[in-house]
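Since the structure comes first, as structure tokens, the remarks are kept for the end.
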There are 2 protein chains.
Amino acid sequence: MIRIGSRSTGRPTLNEVAKLAGVSPITASRALRGISTVAPELVEKVRAAAQSLGYVANPAARALASSCSQTVVVLVPSLSNQLFIETLEAIQDVLRVRGLDVLIGNYHYSPEEEEKLLRNHLVNRPRGILLTGFDHTAASRQMLETSGIPCVHMMELDTRLGAYCVGFSQQQAGAEAAHHLLGRGRRRLAYMAAQLDPRVLQRGEGFRRVLESAGLFDPALQVSTRQASSIGLGGELFARLLDQHPDVDGVFFCNDDLAQGAALEALRLGVAIPERVSLVGFNDLPGSAHMVPRLTSIRTPREEVGQRAAQVLLGLLDGISQHPQVDLGFELVVRESS
Amino acid sequence: MIRIGSRSTGRPTLNEVAKLAGVSPITASRALRGISTVAPELVEKVRAAAQSLGYVANPAARALASSCSQTVVVLVPSLSNQLFIETLEAIQDVLRVRGLDVLIGNYHYSPEEEEKLLRNHLVNRPRGILLTGFDHTAASRQMLETSGIPCVHMMELDTRLGAYCVGFSQQQAGAEAAHHLLGRGRRRLAYMAAQLDPRVLQRGEGFRRVLESAGLFDPALQVSTRQASSIGLGGELFARLLDQHPDVDGVFFCNDDLAQGAALEALRLGVAIPERVSLVGFNDLPGSAHMVPRLTSIRTPREEVGQRAAQVLLGLLDGISQHPQVDLGFELVVRESS
DNA sequence: TTGTATGCGTTATCAT
DNA sequence: ATGATAACGCATACAA
């Protein structure tokens, strides 16, 4: 007895395509997946049949049968930071042409939330995973390990374990900012840090070391808060800093929105930039080039990071052996504020 | 002959849970899904068994068997506009607690790209769909229709067809800006529009009508470009406008980044804001309150839109009858620039 | 190179 | 209220 299942989606199945093409379902499957063992003429027949029926493979069935999906999971700490949006776009541009769907997860700078996202996503057996940085919970690392799913870390570099990573040295970037300010003759240098994620701390570390070597490091000028980075916060912190330490003559900000806020606050306070204080931002976010004065910043290669990370992942999926670390560097963009 | 399938994921299955609990798989399935026809004691047994085995349902199998997933698709025109990020966050906050996974699609303001995303996502049988606005291709509308998947439109209102929507009147918002500027005694009013998506056009329409009623509409002062909205663009367009029409005394911007760019450019040009020109932005994006001068803007309820849209969708899934249109209004925030 | 048999893990159907 | 059976649509393993 033949029953038309009410559960069916109504969409044509591989079976129907195969029937129309006069081959077995498995041959149709192979043909459509581009598996070389199928005769070219059969491939053509199957393609035509699929085309005429409007066949689209059922991802659930495919995932169930093969126990792996056509998705790649990307976990970022924030979507409010324009930085990661640009990285995500680049990732999608690369993976989309390979037929991979990109699933975005935002863990709001919380490793615990990242762990939850990872757990939720792993049950779907993604083809690959792209993570931001190396600051994951032990459970996250464990899950990644046992899942065996290819993973690439973005934004930071790390030579431990041979983990695949695409990024740049956050510490060197911080050092570069310090060198630049010193080169401008600045001596009372502050670091202004919000969010305090690992990369912010690394930049601060690089900045500190250079100042220490120069004998100019003053812990009192290290402003840090766990609050989220924002323009408003940058203004507040900058005003307070100048109030408490009027002799400050240079500030490195962990992110451009802080620097933008500081520049605007300086306008209000009548503090001359860069004459009295030099400002150096980080990431070179969209608005920075248009501030008054235009902000000096360290441009980070976020699109390139996304693109290369996605490419490395594809290489992993294709079994291509490649160097685990990709250093994309960064670029100091000198404008009017320093 | 028993074979340990090499295809298995190694994770415990419903079968194993059922066995451990001493019930049939289907009872275990019902128990875990909270279907009421299962005896409380059995539910407890099954829960315990699942717990001890660390059982997590396989979404692919579930989707295949039930021909519907636990995902909701959200399509937005941009991720670069902070606006939509906040909406997305609100949506996720609501849907996550119901165990629904949110899939984000960015169609870059292209209805054709939206159509592709829709087509790709529909094969996964999402539980619901959240779209931005009403500007979809005929094919998109057709697919939505035949899919029968619940859909809520965000950001705009429309009484046609009884489509579910959560938003506010873009046209009224544009009108409000005009009224405000007129109330400030401004007479040579410009509208500066980028991107030219439907909502930008609606705001311009509302703005225009008020000016026409007042006999003050001047087409020469309507600046519009398809380019993406940005701070840099705002500065450029503003400078050009002032150059060509030195008598302009008020500008309404379709988005705050344009207004921010204009404010910065005014600083450079030495144009007094608001003395010579009043500026009114739109969306009240993060930086606007900190500009010099602080920008007047129309605050749009994007978090509320996301939250309510998600709630309406949940209502639809639960078969709760509700009013198809939810008007969340907007708020003129008067600061220093007008 | 192609096909047969079977399994993936879950839920719908229908019977009890 | 619970269970037996089949089906969801596709891919793997192995045979031919």
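Each chain gets a letter, A, B and so on, in the order its sequence line appears, and its residues count up from 1.
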Taking atom P of D:dG9 as reference, at what distance in whole Å does atom CG of A:L53 sit?
14 Å

Length of the NZ-P vector between B:K45 and D:dA1, whole Å:
17 Å

Carboxylate-amine/guanidinium proximity below 4.0 Å for A:D135 and A:R141
no

By the 4.0 Å heavy-atom rule, please label A:A63 as base, sugar-phosphate, or nothing.
nothing

Heavy-atom check, side chain of B:T137 versus side chain of B:L118, under 4.5 Å:
no

State whether A:R30 places a side-chain N or O below 4.0 Å from either non-bridging phosphate oxygen (OP1 or OP2) of D:dA13.
no

Would you mind checking if A:R127 and A:D101 are paired as a salt bridge, meaning a charged N to carboxylate O distance below 4.0 Å?
no

Would you mind telling me which of D:dA1, C:dT11, D:dG3 lies closest to the side-chain atoms of B:L14?
C:dT11

As a test of reading the structure: which of D:dT12, C:dA12, C:dT2 is closest to the side chain of A:L42, going by heavy atoms?
C:dT2

Measuring to OP1 and OP2 of D:dT2, would you say a side-chain N or O of B:S24 lies under 4.0 angstrom away?
no

Respond yes when some side-chain nitrogen or oxygen of A:R33 is under 4.0 Å from OP1 or OP2 of D:dT12, and no when none is.
yes

At 4.0 Å (heavy atoms only), tell me whether A:A60 reaches a base, stays on the sugar-phosphate, or touches nothing.
nothing

Taking CZ from B:R127 and C1' from C:dT11, how many angstroms apart are they, rounded to a whole number?
14 Å

Thinking salt bridges, do B:R96 and A:E113 make one under a 4.0 Å N-O criterion?
yes

Is B:S67 close enough to D:dC8 that one of its side-chain N or O atoms is under 4.0 Å from OP1 or OP2 there?
no

How close or far is atom P of D:dT5 from atom CG of B:N15, stated in whole angstroms?
14 Å

Given atom CG of A:L64 and atom C1' of C:dG7, what is their separation to the nearest angstrom?
9 Å

Nearest to the side chain of B:A65 - C:dT10, D:dG9, D:dC10?
C:dT10

Compute whether any side-chain donor of one residue and acceptor of the other, for B:H136 and B:E115, lie under 3.5 angstrom apart.
no

Euclidean distance, atom CZ of residue B:R125 to atom P of D:dC8 [Å, nearest integer]
14 Å

Between A:I26 and B:A39, name the one whose nearest nucleotide on DNA chain D is closer to the 5' end.
B:A39

Out of D:dG3, C:dT2, D:dC10, which has the shortest distance to the side chain of B:T27?
D:dG3

Closest-nucleotide 5' rank along DNA chain C - winner of A:T37 and A:P25
A:T37

What is the distance, rounded to the nearest whole Å, between atom CD1 of B:I35 and atom P of C:dT13?
12 Å

From D:dG3, C:dG3, C:dA12, nucleotide with atom closest to B:S66 side chain:
C:dA12

Could you tell me whether the phosphate oxygens of D:dA11, OP1 or OP2, come under 4.0 Å of any side-chain nitrogen or oxygen in A:S29?
yes

Consider side-chain contact (heavy atoms from CB on, under 4.5 Å). Of B:V326, B:L130, B:I320, which one does B:V312 pass it with?
B:V326

Which whole-number value in Å describes the distance from B:Q70 CD to C:dT11 P?
9 Å

